[in-house]
**Q** 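My structure is below; once you've seen it, I'll send some questions.
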Number of protein chains: 2
Amino acid sequence: MFQALADQTRRDIVARLVRGPASVGQLAHPLAMSLPAVMQHLQVLEACGLIRTEKVGRVRTCRIEPQVLRTAEEWIVRQRTSWEQRLDRLDDLLAEQPPEHGSTP
Amino acid sequence: MFQALADQTRRDIVARLVRGPASVGQLAHPLAMSLPAVMQHLQVLEACGLIRTEKVGRVRTCRIEPQVLRTAEEWIVRQRTSWEQRLDRLDDLLAEQPPEHGSTP
DNA sequence: CAGATAGTCAAGTGGTTGCTTAAGTGTTCA
DNA sequence: TGAACACTTAAGCAACCACTTGACTATCTG
């Protein structure tokens, strides 16, 4: 999942799809690489559930699936907040216990 | 930066450091891999600013640097919210303009 | 000082990734 | 029907990644 977002091209695709669904060709057009390459990126994104694709006639339409974006977000928030909570606990400890020997002279 | 978080071992290290600073050895201990391997992960994490390390005597202490964690979080939030805003605008359009020909029968 | 400790450097390796080209497959339209 | 279109599949390749081992450098401890 972070693996999928690790690639700049894939992040560009996500950023594009956030503004609305698009076909494979539309996604490929600004991307300076061959169509099969784009397809492979789309497969990675779909495999981890970041996007959903559906083929109608000969055109495959891709749209974003924001729940998985939340999963990644939540992991980061969890790390950040537990770091902040640790700092809070440290503050409390330092406030309760006055310095005992010259650590803050 | 997402590249750095793409690796499970590196996420484990971040999750460990969030609970407080640790030495290279302490980080390596639960990790089923050689010390140099851990060092390489730490270099990746430090290169993208996710952690900061400092050597005192013969032990190097690593601590987390949560600002960069925020950067990643912000990118995700930006994508998610602009997707939600697009949905809102769509809702508005659909509410204003009554269906004209059989799209919602 | 000698030995143990904690980490570092360098080189190499096997597997994965991100691309490419070439040759299909199924759809649409004149 | 047949040519154009929008992908899709497969094979191959160069670069990168996560590791390893082995040798090395400081730093502490007895």
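In what follows, chains carry the letters A, B, and so on, assigned in the order in which the sequence lines appear, proteins first and then strands, with residues in each chain numbered from 1. Just so it is clear, the model here is predicted, and its values are computed rather than measured.
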**Q** Please pick, from dT21(D), dA6(C), dT8(C), the nucleotide with the shortest atom-to-atom distance to any side-chain atom of Ser34(B).
**A** dT21(D)

**Q** Going by an N to O cut-off under 4.0 Å, is there a salt bridge joining Arg80(A) and Glu84(A)?
**A** yes

**Q** Could you check whether Glu54(A) and Thr61(A), counting side-chain N and O atoms only, form a donor-acceptor pair closer than 3.5 Å?
**A** no

**Q** Taking the side chain of Lys55(B) as heavy atoms from C-beta outward, which of dC19(D), dT8(C), dG18(C) is closest to it?
**A** dT8(C)

**Q** Distances under 3.5 Å only, N/O to N/O: pair up the protein atoms with those of nucleotides 26-28 of chain C.
**A**
{"residue": "dT27(C)", "atom": "O2", "partner": "Arg58(A)", "partner atom": "NH1", "Å": "3.1"}

**Q** Counting side-chain heavy atoms from C-beta on, which of dG18(C), dG7(C), dC7(D) comes nearest to Val59(B)?
**A** dG7(C)

**Q** Here's a test of your reading of the structure: between Leu35(A) and Leu35(B), which maps to the more 5' nucleotide of DNA chain C?
**A** Leu35(B)

**Q** Phosphate oxygens OP1/OP2 of dC19(C): is one of them under 4.0 Å from a side-chain N or O of His41(A)?
**A** yes

**Q** Using the rule side-chain contact (heavy atoms from CB on, under 4.5 Å), only one of Met1(B), Gln67(B), Arg10(B) pairs with Leu50(B); which is it?
**A** Met1(B)

**Q** In this structure, how many angstroms lie between the C1' atom of dT16(C) and the CD atom of Gln8(B), rounded?
**A** 17 Å

**Q** Distances under 3.5 Å only, N/O to N/O: pair up the protein atoms with those of nucleotides 10-12 of chain C.
**A**
none

**Q** Just compare dT8(D), dA18(D), dA6(D) and give me whichever is closest to any side-chain atom of Met39(A).
**A** dT8(D)

**Q** Rounded to whole angstroms, how far apart are CG on Leu31(B) and P on dG7(C)?
**A** 13 Å

**Q** Taking Leu69(A)'s backbone N and O only, do any of them form a donor-acceptor pair with Gln79(B)'s side chain (distance below 3.5 Å, no angle check)?
**A** no

**Q** Rounded to whole Å, how long is the line connecting atom CZ of Arg60(A) with atom C1' of dC5(D)?
**A** 16 Å

**Q** What pair of heavy atoms forms the shortest contact from Val68(B) to Cys48(B), and how long is it?
**A** CG1-O, 3.5 Å

**Q** Please report the distance, rounded to the nearest Å, between CG in Asp7(A) and P in dA15(D).
**A** 18 Å

**Q** Check this one for me: any side-chain N or O of Ser23(B) less than 4.0 Å away from OP1 or OP2 of dA6(C)?
**A** no

**Q** Can you tell me the distance, in whole Å, between the CG atom of Leu42(A) and the C1' atom of dC19(C)?
**A** 14 Å

**Q** In the single-linkage hydrophobic clustering (I, L, V, M, F, W, Y; side-chain heavy atoms under 4.5 Å), do Ile51(B) and Val18(B) co-cluster?
**A** yes

**Q** Would you mind reading off the distance between Glu54(A) atom CD and dT8(D) atom C1', rounded to a whole angstrom?
**A** 18 Å

**Q** Show the nearest heavy-atom pair for residues Leu17(A) and Ala22(A), with the distance to one decimal.
**A** CD2-N, 3.8 Å

**Q** Do Ile13(B) and Ile76(A) sit in one hydrophobic cluster, given that two such residues count as connected whenever their side-chain heavy atoms are within less than 4.5 Å of each other, even indirectly?
**A** yes

**Q** Whole Å only: how far is the NE2 atom of His29(A) from the C1' atom of dC5(D)?
**A** 15 Å

**Q** Nearest whole angstrom, please: distance from the P of dC17(D) to the CE of Met33(B).
**A** 16 Å

